[in-house]
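Okay, so here's the structure we're looking at.
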Amino acid sequence: MAAKKAAKKGSEIFSKSMIEDVHKWGCLKQTGVSLRYMMEFGSEPNDRNLLISAQFLHKELPIRIARRAIELENLPYGLSHKSAVLKVKDMYLDSFRDIRSFPDIKNMNDERTFTEMIKAIKARHNNVVPSLALGVQQLKKCMDPKIDYEDLDEIHQFLDRFYMSRIGIRMLIGQHVELHNPHPAPHRVGYIHTKMSPLEVARNASEDARSMCCREYGSAPDVHIYGDPNFTFPYVPAHLHMMVFELVKNSLRAVQERFMDSDKVTPPVRIIVADGVEDVTIKVSDEGGGIARSGLPRIFTYLYSTARNPLDEHADLGIADNNVTMAGYGYGLPICRLYARYFGGDLQIISMEGYGTDAYLHLSRLGDSQEPLP
């Protein structure tokens, strides 16, 4: 009943002509940008460049948002009609309408107003990940467990495309907004740190993960980090922090649970940072007992987690911290891999059942691969 009501609500809010506009824009070609281009373009955030950036987003964002809104209408197994998914679709249609109804950006006054609007749009979409996760949960509850739904492959592929696109939209908006910061930190170009130390980011992320582990278990294994402390390269620290946090958190949990009631000394989690010519690779190694080979393919699906599930129908989906809400409903690793791939990297997990797991996070050092545009 709630789903029907929400669907009806959607059709009343959005006019036929606007829905036609969404379908028209959804057919237009997206334009990808590389980390290097964002860095070079943003290194001089003068009025001319901010105007060009705003004009680009005014044309680009509706295309990307329209594609996602269309996809949300056509999901398999009735996922499109779940109340949480209808709520997300309404968000995307609202944002499309806001940008399309904004007049052409001709001067810096227009640019400033536009920037405030896209900042609000980014905030509106803060909770899309837990909302969609809730929609998938709602779907799982009413599916017949006896039927093999081909491992819900179509849904996994949709979520990969959807979240990858979301990373891109949020990066473009966040980068543009941050270029307005009158007092940027040294070596910062918007979200990008031109001299980021992966060792330092790994250390901060590990400390955050250890704090979380201590809160949950009362103690946490040590984390040892190896690599050149003076090595830096251009990257987005927030992305790297999120990925390392997630990997270390998984390792700490596995080690803690394996050695909690043991007389043996708890082994540390090891992080090794290697700087190659093409890639910077960060390896997170643990002795947490590993994952069975039969379970490995499932760790990059959105419906798998070894932790308890904190999501339910009545969960407060307020402005939650992404890292915390990602703990436990099987979204950490697949989303980590998307963040790595967004700038041309990747994430691989190799496990030895009965011993432990190695996660290899590859980051492209060259920064010139285009955004993947689903």
Side-chain angles (χ1 to χ4, degrees), residues 30-65 68 95-96 98-126 128 163-198 200-201 204 232-243 319 322 338-340 342-345 363-373:
Q30 302 171 98
T31 305
V33 282
S34 66
L35 179 73
R36 181 178 288 175
Y37 178 79
M38 284 187 215
M39 198 164 68
E40 287 168 0
F41 182 84
S43 59
E44 282 187 60
N46 52 37
D47 284 3
R48 181 179 169 273
N49 279 357
L50 289 173
L51 200 60
I52 290 169
S53 174
Q55 288 164 343
F56 167 70
L57 293 180
H58 192 221
K59 297 280 183 292
E60 181 66 16
L61 291 174
I63 300 173
R64 297 193 185 195
I65 290 169
R68 303 288 70 86
S95 299
F96 178 85
D98 289 350
I99 300 171
R100 284 289 294 126
S101 55
F102 197 92
D104 285 348
I105 300 163
K106 297 194 169 83
N107 55 46
M108 287 312 289
N109 275 341
D110 296 347
E111 191 278 334
R112 277 187 285 275
T113 313
F114 178 76
T115 300
E116 284 307 309
M117 182 189 69
I118 59 174
K119 199 170 159 184
I121 285 173
K122 184 169 179 275
R124 173 190 289 157
H125 289 250
N126 275 348
V128 161
Y163 291 137
M164 180 66 92
S165 172
R166 180 176 186 270
I167 291 168
I169 290 168
R170 293 179 80 75
M171 180 69 200
L172 292 182
I173 294 177
Q175 182 68 4
H176 179 80
V177 169
E178 194 53 37
L179 289 177
H180 290 73
N181 183 347
H183 308 294
H187 312 298
R188 286 285 187 147
V189 176
Y191 273 2
I192 302 159
H193 193 314
T194 58
K195 290 190 157 97
M196 184 196 76
S197 160
E200 191 186 326
V201 175
N204 293 336
T232 65
F233 78 114
Y235 204 72
V236 178
H239 288 191
L240 182 58
H241 186 286
M242 194 277 296
M243 292 185 280
I319 308 294
N322 243 2
L338 295 180
Y339 271 97
Y342 178 68
F343 283 127
L363 309 171
S364 172
R365 191 172 171 174
L366 308 173
D368 50 9
S369 66
Q370 293 289 323
E371 293 176 277
L373 295 172

| task | Please check if the side chain of E111 supplies one atom and the backbone of L51 the other of a donor-acceptor pair under 3.5 Å. | result | no
| field | Gap between atom OG1 of T232 and atom CD of E200 - 0.5 Å precision | value | 10.5 Å
| Under the side-chain contact (heavy atoms from CB on, under 4.5 Å) criterion, do M38 and V189 qualify, and how do the steps go? | CA-CA 8 Å; M38 284 187 215; V189 176; over 6 Å; no
| query | Between atom CD of Q370 and atom OG1 of T31, what is the distance when rounded to the nearest 0.5 Å? | reply | 9.5 Å
| note | d(L172 CG, I167 CD1) to nearest 0.5 Å is 12.0 Å
| message | The criterion is side chain to side chain donor-acceptor pair (under 3.5 Å); which residues satisfy it with H125, sequence neighbours excluded? | response | S95
| said: Quick check for you: to the nearest 0.5 Å, what is the distance between I99 atom CD1 and I65 atom CD1? | reply: 4.0 Å
| pair Y235-V201: side-chain heavy atoms closer than 4.5 Å | no
| said: My understanding is that only residues two or more places apart in sequence, or in another chain, count here; which of them pass salt bridge (Lys or Arg N to Asp or Glu O under 4.0 Å) with D98? | reply: R124
| task | For residues P103 and D110, determine if any side-chain heavy atom of one lies less than 4.5 Å from a side-chain heavy atom of the other. | result | no
| said: Just verifying a value: how many Å separate M164 CE and Y339 OH, rounded to the nearest 0.5 Å? | reply: 10.5 Å
| message | Using a 6.0 Å cut-off, check whether atom NZ of K122 has over 12 heavy atoms from anything other than its own residue. | response | yes
| request: With sequence neighbours excluded, give me every side chain to side chain donor-acceptor pair (under 3.5 Å) pair touching residues 43-59. | output: S53-H176
| Considering all heavy atoms, the nearest M243-A340 contact | SD-N, 3.5 Å
| request: With sequence neighbours excluded, tell me which residues meet side chain to side chain donor-acceptor pair (under 3.5 Å) with Y342. | output: E371
| request: Kindly give the heavy-atom pair with the smallest separation between P45 and G42, and that separation in Å. | output: CD-O, 3.5 Å
| query | Looking at residues at least two apart in the chain, or sitting in another chain, which of them share a side chain to side chain donor-acceptor pair (under 3.5 Å) with E178? | reply | N181
| Listed by chain and number, what are the side chain to side chain donor-acceptor pair (under 3.5 Å) partners of H187, not counting sequence neighbours? | none
| query | How long is the span from the CE atom in M108 to the OG1 atom in T113, to the nearest 0.5 Å? | reply | 10.5 Å
| note | Test side chain to side chain contact (heavy atoms under 4.5 Å, CB included), reference V236, set H193, M196, M171, output is M171
| note | For L363 and F233, the nearest pair of non-hydrogen atoms, with its separation, is CD1-CZ, 3.8 Å
| Any side-chain heavy-atom pair from N126 and R170 closer than 4.5 angstrom? | yes
| field | Which atom of G344 lies closest to which atom of S364, heavy atoms considered | value | O-CB, 3.7 Å
